[in-house]
Amino acid sequence: VAKVGTGHSAEKRPDLGLSAGGGQAAGNVVLVGFMGAGKSTLGRRLAERLGRGFADADAQIEERVGESIAGFFEREGEAAFREREQEVVLELLRRPEPQVISLGGGAVESEAVREALAGHLAAYVDVDPEIAWRRASGSKRPLARDRESFMGLRERRLPLYESVAPLRIAWAEVGEGHPVVVGPGALAAAGALWPCPRGRAFLVEDELAAGLHGDALRTSLEGAVEVLGSATVAPGERSKSLAEAERMLRALAAAGVQRADTVVALGGGVTGDLAGFCAATYQRGVAWVQFPTTVVSQVDSAYGGKTGVDLPEGKNYVGAFHQPAGVFADPLMLATLPPEELSAGWAEVVKTALIAGGRLWDEVRALPALGEAVSGDLAALAQVVHGCVRTKLAVVSADERDTTGVRASLNLGHTFAHALESATGYERHRHGEAVALGLLVALRLSEHELGLDPSVREEVRELFERERLPTSFSGPPAPVLMEHTGRDKKRRGEQRNLVLLRAPGDVVSEAEVGDEALERAIEEIRVG
Ligand SMILES: NC(=O)c1ccc[n+]([C@@H]2O[C@H](COP(=O)([O-])OP(=O)(O)OC[C@H]3O[C@@H](n4cnc5c(N)ncnc54)[C@H](O)[C@@H]3O)[C@@H](O)[C@H]2O)c1
């Protein structure tokens, strides 16, 4: 396979304030973002995980002025507050011991602060505007009294956050909790943001991703962890087998991996699921960190802790829940994906946007073709990836072990997709292609059962056509496919529960659908 380049051309790689050779941040890790984003909480957790001290700029200002920010703001006015803020922030950034620092929402309005941030690793904590408003207006914040001006201020500041911090960071509230870093340069920043004890690691790498991005990974980890050894995973679902898991586990043993060490996965969903399963079971569980390199893995499979391998009897039949200690999703790595893998991932992006609705649905509709996005507007792509990540994290944190039904919403379009894959022996359609078809079936049913506006399906069909995803299929007739929809002992003519949509963002997880309606929706997109 030809090397397509690393995707890390110098002009594209943002300046992240990393020392040469990766590894350590030259200075502090600084969290920026609007009020109500949760920067202080995230900062405290991250500092603990990185083994660094934590400083909250707002708390330091209050200490300095001897009263609450609200009180000072009220008495002295905004200009005086900004002056104090700049003074405190610049002092914090100059402290010799590198820390995690969270800044107040307006700190980046100061040019001096923005300039000073250049030598540090800044990360942007994004938040849904409505959530930010709810949090901030409930507190005594002086700039959160009027909704309209609050939203306007946020819009005005967004470009500032994005200009100082190309990376986005979120905290996954699952298991013990872990950081998720998304954005161009996330790979390079991993050493500086290493979320495990600075010990030793074993790398499990997709064969193609290793050739394309393995060196960049090693450079990033230099100084953070000692690499004990590595093993490559052959491309393809076949690698998700018990035999392959045994080979990996024995490679870990041969390299002398111990309980305190970390497994690192570089690759798509196949490598992630396999490496995670090995991490979950090796010596009853070791930590693992993911570097997803495909669209599917960056927007979906790297989050939520489902790991496992397939049996001849079924996909993902053996596995474990094992949350990673951190995820670094770098869209620069997507630039080396072949077009058909980009397309396959697009189906999952559209699925996630339909589940989320609102801002993510708008962003996905506005995104240029994926091929253009990966080689051009990385900021917009990173924002979409991050939106998908936040959606998935919100769902899995509400239903970590897939027991309450909340997580089932992620199966939008998947009943038909699995049936088609199973009926055609997993050979004819890529998973993403099957998901695209499944989504069209689910949307058709949603119109019928829940009154979904037909323009949504029309738009989704256009989004698929643009990415050369199928919008019809030739294959087994509906009754044959129905045999593969996991009907168990249900008889023909009975109702079944499917995930459907009332509108983007309004998912009905257990919509009752009759077999005949499902058959009709399938036949509509079947062409002979
Ligand atoms: N754990 C979960 O929650 C979850 C969720 C969804 C899917 N999955 C699993 O994910 C798997 C599918 O994952 P996938 O779609 O990422 O496929 P994949 O891992 O098979 O990767 C697709 C192809 O892309 C190549 N590749 C990977 N990164 C590359 C890069 N940067 N440049 C060039 N080529 C690259 C790989 O070698 C492979 O040929 C399935 O096994 C599915 O069951 C798991």
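The first residue in the sequence is number 1, and the count goes up from there. Ligands are counted one by one from 1 in listed order, and the atoms in each one are counted from 1 as well.
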Q. Can you list every pair that meets side chain to side chain donor-acceptor pair (under 3.5 Å) and has a residue in residues 466-479, with sequence neighbours left out?
A. none
Q | Ring centres under 6.0 angstrom apart (F416, F473) | A | yes
Q | Non-neighbouring partners of A329 that pass side-chain contact (heavy atoms from CB on, under 4.5 Å), sequence neighbours left out | A | V182, P292, Q298, Y303
Q: Could I get the full list of salt bridge (charged side-chain N to carboxylate O under 4.0 Å, His left out) partners for E244, not counting sequence neighbours?
A: R247
Q) Do other residues, nucleotides or ligands put more than 12 heavy atoms under 6.0 Å from Q283 CD? A) yes
Extract all N/O-N/O pairs under 3.5 Å that connect ligand 1 to the protein, and present each with both atom names and the distance rounded to 0.1 Å.
| from | atom 1 | to | atom 2 | distance (Å) |
| --- | --- | --- | --- | --- |
| ligand 1 | 1 (N) | D273 | OD1 | 3.0 |
| ligand 1 | 1 (N) | K306 | O | 2.9 |
| ligand 1 | 13 (O) | G269 | N | 3.1 |
| ligand 1 | 16 (O) | G269 | N | 2.8 |
| ligand 1 | 16 (O) | T294 | OG1 | 2.6 |
| ligand 1 | 19 (O) | G269 | N | 3.1 |
| ligand 1 | 19 (O) | V270 | N | 3.0 |
| ligand 1 | 28 (N) | T293 | OG1 | 2.7 |
| ligand 1 | 31 (N) | T293 | O | 3.2 |
| ligand 1 | 31 (N) | M333 | O | 3.0 |
| ligand 1 | 31 (N) | T336 | OG1 | 3.2 |
| ligand 1 | 32 (N) | T336 | O | 3.4 |
| ligand 1 | 32 (N) | T336 | OG1 | 2.7 |
| ligand 1 | 37 (O) | D206 | OD1 | 2.9 |
| ligand 1 | 37 (O) | D206 | OD2 | 2.8 |
| ligand 1 | 41 (O) | E237 | OE1 | 2.6 |
| ligand 1 | 41 (O) | E237 | OE2 | 3.3 |
| ligand 1 | 41 (O) | K240 | NZ | 2.9 |
| ligand 1 | 43 (O) | K240 | NZ | 3.0 |
| ligand 1 | 43 (O) | K315 | NZ | 3.0 |

Q: Specify the closest pair of heavy atoms between L193 and F328, including all atoms of both residues, with the distance to one decimal.
A: O-CZ, 3.5 Å
